Amino acid sequence: MNHKNKVVKALSLTAGLLFAAGVGLQAQAKTFKIAVGDGGGSPQEALGKKFVEELKERSGGKHSANLFLNGQLGSEQDTVNDASIGTLDFSILAINNVTPFSPTVGVFTLPYMIQSLDEAVQLTQGPVGKELVENTIRDAGVRIIGWTYSGFRVLSNSKKPIKTLEDLQGVVVRVPKNEIMIDTYKAWGINPTPMAWSETFTALQQRVVDGQDNPYMTIYSMKFDEVQKYITNIRYLFSIEPLIVSEAVFQDQNAATQKAILDAGEAATKYSAKFLAESEAAIKEELVKRGMQIDDPANGEKEWIEKATKAVWPKFYESIGGKEKLNAVLKSLGRDAV
Ligand code: MLT
């Protein structure tokens, strides 16, 4: 058992002892804290607001929660640690920032794995998603109770239009501290710069890095158009951004509150898919109005797809749970086995 699991187990045990001593599980009204990596207008905020509204309603007005946007409560990866030890209640963050704590969720970060919003919905809300929820409780001490759908991560930069891998050479790109994403850029011929999300805007502004990748909605909500000019419409990762609750905090709630939390997460997830489908096209147009230039990769992204899938997928078969597991996921999407 790793250190985090031990801490979570110890906290759960303490809750159990308190219960046995007659103190009981949390029954009093509570205002939870929710860390949010992105800014106002983002799919993360939209999911968070819906969750709070639903939580209030489903707990008969007893419980509420406040959102802390723009990484105010720490970097996305730090919030996983904090939730794991029970010092933070909830966090909404990109799945790639959960992978270092729970490697099997890396299946969602394999380049070109998820090819549409429908596939993202199918995987997260079906048996694959349910298994990953259990794995994440086991590995990281946090429970995924909702999924934000934010769209494909596209590549932005301040230097020049990029359509081919040749154009990409020499461009300094920030990536999350995620091995799969780091290796994807290496497969494309450059050494990316791993950096926490909370430091990214400043790094782009000060030209420490030239570019980064994130969905249109995120680029908009983070005001990256102020510091980036060019976008390449690559579709290598569909960004899934879970709402997690500290397992220690969750286990400390009575059954009615646990049910309200789970139901509110489910309702917010459904809303998130609708929000993305209704907002993304307008946001893309808005970015162009604000002066950004959007280019499609040349030749239907063929060279990007081939390089990334060939070099990256086999390296991560083991960490995501084995090739058989991956093939089961591919089969569920109607794709060929690897
Ligand atoms: C990242 O690039 O680290 C994440 O995608 C940030 C986010 O939550 O949008």
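Predicted, not measured: the structure shown is a model, and the values here were computed from it. Order of listing sets the numbers, starting from 1, for every ligand and every atom in it.
With respect to atom 8 (O) of ligand 1, the closest heavy atom belonging to the protein is Glu76 OE2, 2.4 Å. Scanning all protein heavy atoms for the shortest distance to atom 9 (O) of ligand 1 gives Asp38 OD1, 2.8 Å.
Annotation: cation-pi geometry not satisfied between Lys33 and Phe90 (NZ/CZ under 6.0 angstrom from ring centroid, within 45° of ring axis).
If you take NZ on Lys284 and CE on Met217, they are separated by 13.0 Å, rounding to the nearest 0.5 Å. Summarising the geometry, atom CD1 belonging to Ile92 is positioned 5.5 Å from atom CD1 belonging to Ile34; distances are rounded to the nearest 0.5 Å.
A salt bridge between Glu54 and Lys50 is present, with a side-chain N of the basic residue lying under 4.0 Å from a carboxylate O of the acidic one. Under the 4.0 Å criterion applied to side-chain N and carboxylate O atoms, Lys160 and Asp167 are not assigned as salt-bridge partners.
Proximity of Asn97 to ligand 1, defined as any heavy-atom pair under 4.0 Å, is confined to the side chain (atoms from C-beta onward). Contact annotation for Asn214 and ligand 1: only side-chain heavy atoms (C-beta onward) come within less than 4.0 Å of the ligand. The proximity of Gln212 to ligand 1, defined as any non-hydrogen pair under 4.0 Å, does not occur for either the backbone or the side chain.
Taking hydrophobic clusters as Ile, Leu, Val, Met, Phe, Trp and Tyr residues chained together by side-chain heavy-atom distances below 4.5 Å, Val175 shares a cluster with Ile162.
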Between Phe224 and Trp197, does the ring pair (Phe, Tyr, Trp, His ring centres under 6.0 Å) criterion hold? Intermediate values first, please. CA-CA 13 Å; Phe224 281 0; Trp197 179 232; 5.6 Å; yes
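Looking at heavy atoms from C-beta onward, Lys229 lies out of side-chain contact with Met292 at the 4.5 angstrom threshold.
Inclusion of Asp213 in the set of residues having an N or O under 3.5 Å from an N or O of ligand 1 is not warranted. Considering backbone and side-chain N/O of Thr218, none are found under 3.5 Å from N/O of ligand 1.
Remark: distances from the non-hydrogen atoms of Met222 to ligand 1 are all 4.0 Å or more. For the ligand labelled ligand 1, residue Arg153 lies inside the 4.0 Å heavy-atom shell. Put simply, part of Ala94 is less than 4.0 Å from ligand 1, judged by heavy atoms.
Applying the 4.0 Å criterion to heavy atoms of Pro176 picks out, from ligand 1, the atoms 1 (C), 2 (O), 3 (O). The distance from ligand 1 to the heavy atoms of Arg174 drops below 4.0 Å at these ligand atoms: 1 (C), 2 (O), 3 (O). Those atoms of ligand 1 that come under 4.0 Å of a heavy atom in Gln44, given as number and element, are 7 (C), 8 (O), 9 (O).
Aromatic ring pairs are classed by plane angle as parallel below 30°, tilted from 30° to 60° and perpendicular above 60°; the pair Tyr149 and Phe238 is tilted.
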